[in-house]
2 protein chains.
Amino acid sequence: MDPLLDLPQLRTFFTLAQTGSFTACARRLHRTQSAVSHAMAKLEDLAGTPLLDRRGRELGLTEEGRRLYQACEHVFATLDAAAEDLRRHQTQAKGRLRVGATVEFGSSILMKHMQPFQAANPDLEMDFTLSQDLLAPLLRDDLDLIIDCQEHPLPTLKKSPLFREIYVVACAPAFRKAHRLRVPADLSRGPVLSLDKAGAWWNRFLMAVPDDEQPHFDRIIAVNHIRAMIHAASEGMGALLVPRYSVLEELRRGDLVPLFPAIRPTEDRFSIYQKKVKAAHEKQRLLTRYLQSLSPEEFGS
Amino acid sequence: MDPLLDLPQLRTFFTLAQTGSFTACARRLHRTQSAVSHAMAKLEDLAGTPLLDRRGRELGLTEEGRRLYQACEHVFATLDAAAEDLRRHQTQAKGRLRVGATVEFGSSILMKHMQPFQAANPDLEMDFTLSQDLLAPLLRDDLDLIIDCQEHPLPTLKKSPLFREIYVVACAPAFRKAHRLRVPADLSRGPVLSLDKAGAWWNRFLMAVPDDEQPHFDRIIAVNHIRAMIHAASEGMGALLVPRYSVLEELRRGDLVPLFPAIRPTEDRFSIYQKKVKAAHEKQRLLTRYLQSLSPEEFGS
DNA sequence: GTTAATCATGAATATCATTCATAACCATGG
DNA sequence: CCATGGTTATGAATGATATTCATGATTAAC
């Protein structure tokens, strides 16, 4: 009936009015500036009258905009209250929850974020199994819930997308300088670290490099453990290719610097898998929700 | 931030609670029952608790559902008020508006629906040009706004989708009986009406018929005017292929009956085109909005 | 039982929002 | 005046999500 009820747009408008800038609003909502611009164009078109007062630098609201803003305040207040109300009625989780995850992800990101959840559910006994082989234990009920980047399209499983695993090429700053790394082909000049001797680990990256810029790896240092590889790279032993989330700290501190940001290796998607029959259990639902509430950048995406 | 703000879903929930039935709710919102079901499943999953009380036939709300319903009442009330407020500030259209449309559509559907708009804007002088050639007059500013089923992908034009033109095959009830029309191939038995002698008019239909059921047209009666064709068909002269909107009346009265509803000829899309610079004018905007507010079934879709 | 109505489900599709890449704009400082 | 850095706008391509289609499952009524 009412075509103004396009609500993601109103949320955008609301935040935009608060921040006073498209760019800031975009950041706040984890969108791009372009998305905000499009959304507002559409909203104004729908409303049939300008809502924003774009006078150069500063951004204001028109008369109509201001009234709409007030309606928004009202609406979002009740909505948030309702959401809060629903949340309140979630009983606290009890019992035991056996979580499985891939080794690298589990040991870094997952562990770094479980504290608040644990604190909120003190009566929940959790234990974690980090391993490559997660599906089998899940199916035979040795695990309740797994976090995996492999696809498991079984009809008995419920899949909840979590985040996308972005890969980066990086090395120590000194290493970059010493080997003058500017384009992918320059990687031929120095050693690269790889999970396997043959260097197949790097295929994900090589596939994203144009044919005429392909490096040729002469010296491959094999290290069958990602964390070990990271330490090696931090010391300047070579360049490495790893999931972004595993080196968030190193990048922030400057121990490692990203190489060739223009090249985008194929991404993997991490999802939560759980048996459908058990997915409704309070404890499983709560953890799923908690993990999904974490913002993308916490996972390095 | 708040993932409960998925509002099309809330609107669905709200109507569902009011109608008390998935099917009825679907009808009200011009969706399928399936869509409603999916939406509610998602909403409950999001809320984390059942909101609907599905006890067999009758449908009730759970405690949480009821509270959410109240929030909805509140929210939609303010929202509707805000929308109303925006609408109120639309000045009434004045001046002159020259509308172009395709012949069949313009003479039937369009004319049948312009009265309310005209009444709401008594000071607006409108005139209508029905023709095949609409783009040229629009570009040279002989028309302000056209309604056409051809694609005009020009960057200076603004396109607003209106409805999809569905084609039906139909004939008089007596004709169907006389020629025992059950499957497409049976069309070979009787005359068919076509806009052109060669029968190319029917390609749209033939392309949707499996190869082994293709009819062969022996007797084609060419009539270069759709309305004339319809009258001929109503009298039992032959089967015809026409846009559904053009025979809404005849179908309702039973003068014509639809044939082979399983076969779906390719659809065309009607859109409004207007010059971007002029699309903002009050009179053009109002008409666009008015036409878009008409529900699909008014156009036979 | 059998039927007719209702709701659920999964896969395919269509629709819409978001991004990417880039243009246009505006203020400020050479 | 023309650069420059910081904005917002725009169009095409993409990706995510809602919707449909086709069908199964459940219930109520006869």
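A, B, ... follow the sequence lines: proteins, then strands. Residue 1 opens every chain.
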Between the main-chain N or O of Leu51(B) and the side-chain N or O of Glu44(B), is there a donor-acceptor pair closer than 3.5 Å?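 It does hold such a pair.
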
Taking ring-ring contact (aromatic ring centres under 6.0 Å, His included) as the test, write out the residues that go with Phe22(A), two or more places apart. none

To the nearest angstrom, how far is [X] atom [atom1] from [N] atom [atom2]?
| X | N | atom1 | atom2 | answer |
| --- | --- | --- | --- | --- |
| Lys276(B) | dT10(D) | NZ | P | 8 Å |
| Met40(A) | dT8(D) | CE | C1' | 13 Å |
| Asp53(B) | dC7(C) | CG | P | 13 Å |
| Ile166(A) | dT19(C) | CD1 | C1' | 13 Å |
| Glu267(B) | dT13(C) | CD | P | 15 Å |
| Phe163(B) | dA14(C) | CZ | P | 19 Å |
| Phe22(A) | dT10(D) | CZ | P | 10 Å |
| Arg11(A) | dT18(C) | CZ | P | 13 Å |

Should the pair Lys278(A)-Asp141(A) be classified as a salt bridge under the 4.0 Å nitrogen-to-oxygen rule?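 Yes.
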
Under 30°, 30 to 60°, or over 60°: which ring-plane class applies to [X] and [Y], parallel, tilted or perpendicular?
| X | Y | answer |
| --- | --- | --- |
| Phe105(B) | Phe299(B) | tilted |
| Phe14(A) | Phe76(A) | tilted |
| Tyr245(B) | Phe163(B) | perpendicular |

Which residue pairs satisfy the salt bridge (charged side-chain N to carboxylate O under 4.0 Å, His left out) criterion with at least one member in residues 29-41 of chain A, sequence neighbours excluded?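 Passing the test, one end in residues 29-41 of chain A: no pairs.
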
Quick check on [N]: is either OP1 or OP2 less than 4.0 Å from any side-chain nitrogen or oxygen of [X]?
| X | N | answer |
| --- | --- | --- |
| Arg54(B) | dA8(C) | yes |
| Ser37(B) | dC7(C) | no |
| Thr23(A) | dT8(D) | yes |
| Lys158(B) | dG11(D) | no |

Contact state string [nucleotides 13-25 of chain D, B base, S sugar-phosphate only, - no protein heavy atom under 4.0 Å]: ---SSSSBB----

